[in-house]
Colleague: 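I'd like to ask you about the structure that follows.
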Amino acid sequence: MLTIGEFSRLTHLSVRTLRRYHEAALLEPAVVDGTTGYRYYAVEQIPTAQVIHRLRELDVPLGDVRLILRASEPGARSALVAEHLHRLESELDRTRAAVASLRRLLRPDPAPIAVELRAEPARRVAAVEAVIGHDEVAAWFAGALAELESAVGPGATGPSGGTYDDALFEEGRGRALVYLPTSDPPRTGRVRAVTLPAAELAVTTHVGEHDGVDVTYGELGAWVVGNAMAVAGPVR
């Protein structure tokens, strides 16, 4: 048996951390003295402590660590670890996109964006429409676009697009519509035929990750205001 201090030195886990893992039922001592309350660990527990340490370095929540340790099947353990790694990769992608946007915003002399004024005629499209929350936009957009592409297939006559009501940004909830132009819009699932109204648009192209599109839109908005033009929704 190893005292908690000896076990701490061998595993590079602090005594305080070992006590917390005991309380969380992650790493229970082999023996707890009933009189003194001293904790003693077995040499065989060192690898388990090291696994816990590595998982915590990856920010795996304590509850997930417990599930991984208790999983009897290697495949189940691997799936749990892979799921967390996928979350880490997604967070890393968001961090990279945020850093890229921040660098762009902090450039001393940002390059001006190219803006085109365009008169869009009324257009018949296949569309999916819903009232959603601002934090639901990304997931909803991906699902709606996938459904549209499946329904329209090779019948698309132009690129996909979307319209977003002002309320979605101003109040955190509003109507969003994703569309694909097609000469014969199908009616299936959530897909419906919609006529987009004619509109006078100020248009620019965003280059880069989708997460940075708000920076380009802010620059477009500044251009519109700077050229004394009216701003009216929805955003297209």
Side-chain angles (χ1 to χ4, degrees), residues 58-59 83-123 125-150 152 156-182 190 194 196-236:
L58 291 172
D59 294 325
E83 181 181 345
H84 183 72
L85 291 178
H86 177 69
R87 288 198 298 267
L88 288 179
E89 288 167 354
S90 298
E91 290 170 7
L92 183 58
D93 288 341
R94 285 195 296 272
T95 300
R96 284 174 176 155
V99 169
S101 294
L102 190 57
R103 283 176 175 159
R104 177 179 168 187
L105 287 165
L106 294 177
R107 281 201 304 258
D109 297 305
I113 60 170
V115 179
E116 170 196 352
L117 297 179
R118 185 186 302 170
E120 283 285 335
R123 180 179 297 180
V125 298
V128 173
E129 191 174 10
V131 174
I132 57 174
H134 190 271
D135 57 349
E136 302 167 350
V137 170
W140 178 84
F141 177 88
L145 186 57
E147 189 171 343
L148 274 171
E149 289 173 340
S150 175
V152 175
T157 56
S160 61
T163 66
Y164 306 91
D165 282 354
D166 292 343
L168 187 59
F169 307 98
E170 296 172 4
E171 301 169 19
R173 189 168 185 81
R175 185 166 296 280
L177 179 145
V178 176
Y179 64 83
L180 266 178
T182 178
R190 296 184 296 171
V194 170
L196 295 179
E200 298 288 333
L201 303 175
V203 181
T204 192
T205 299
H206 168 69
V207 179
E209 297 287 342
H210 185 270
D211 285 349
V213 73
D214 61 313
V215 177
T216 298
Y217 190 72
E219 292 173 344
L220 178 62
W223 186 95
V224 168
V225 173
N227 284 271
M229 295 180 176
V231 180
V235 175
R236 183 179 295 192

Colleague: Measure across T216 and H206 and return the closest heavy-atom pair with its distance rounded to 0.1 Å.
Modeller: OG1-ND1, 2.6 Å
Colleague: Of all the heavy-atom pairs spanning D166 and P234, show the shortest one and how long it is.
Modeller: OD1-CA, 4.5 Å
Colleague: Are E219 and T204 side-chain neighbours, meaning at least one heavy-atom pair lies under 4.5 Å?
Modeller: no
Colleague: With a 4.5 Å cut-off on side-chain heavy atoms, are Y179 and L196 touching?
Modeller: yes
Colleague: Under a 3.5 Å distance rule, please check whether S90 uses its side chain to pair with a backbone N or O of H86 as donor and acceptor.
Modeller: yes
Colleague: Distance from D165 atom CG to L177 atom CG, nearest 0.5 Å?
Modeller: 9.0 Å
Colleague: Sort out for me which residue in V115, V235, V215 forms a side chain to side chain contact (heavy atoms under 4.5 Å, CB included) with L220.
Modeller: V115
Colleague: To the nearest 0.5 Å, tell me how far T205 OG1 sits from E116 CD.
Modeller: 8.5 Å
Colleague: Can you measure from OH (Y164) to OH (Y217) and round to the nearest 0.5 angstrom?
Modeller: 11.5 Å
Colleague: Please check this pair: side chain of E147 against backbone of V128, looking for a donor-acceptor N/O pair closer than 3.5 Å.
Modeller: no
Colleague: For G158 and P181, which heavy atoms make the closest approach, and how far apart are they?
Modeller: O-CD, 3.7 Å
Colleague: Side chains of E200 and M229: does their closest heavy-atom pair fall under 4.5 Å?
Modeller: no
Colleague: Got a salt bridge between E91 and R87, using NZ or NE/NH1/NH2 to carboxylate O under 4.0 Å?
Modeller: no
Colleague: Ignoring hydrogens, what is the shortest heavy-atom contact between A199 and R236? Give both atom names and the distance.
Modeller: CB-NH2, 4.0 Å
Colleague: Counting neighbours of CZ on R123 that are heavy atoms of other residues, nucleotides or ligands and sit closer than 6.0 Å, is the number greater than 12?
Modeller: no
Colleague: What heavy-atom pair brings V194 and A127 nearest, and what distance separates the two atoms?
Modeller: CG2-CB, 3.8 Å
Colleague: Determine the minimum heavy-atom distance between A176 and I132, stating which atoms define it.
Modeller: CB-CD1, 3.8 Å
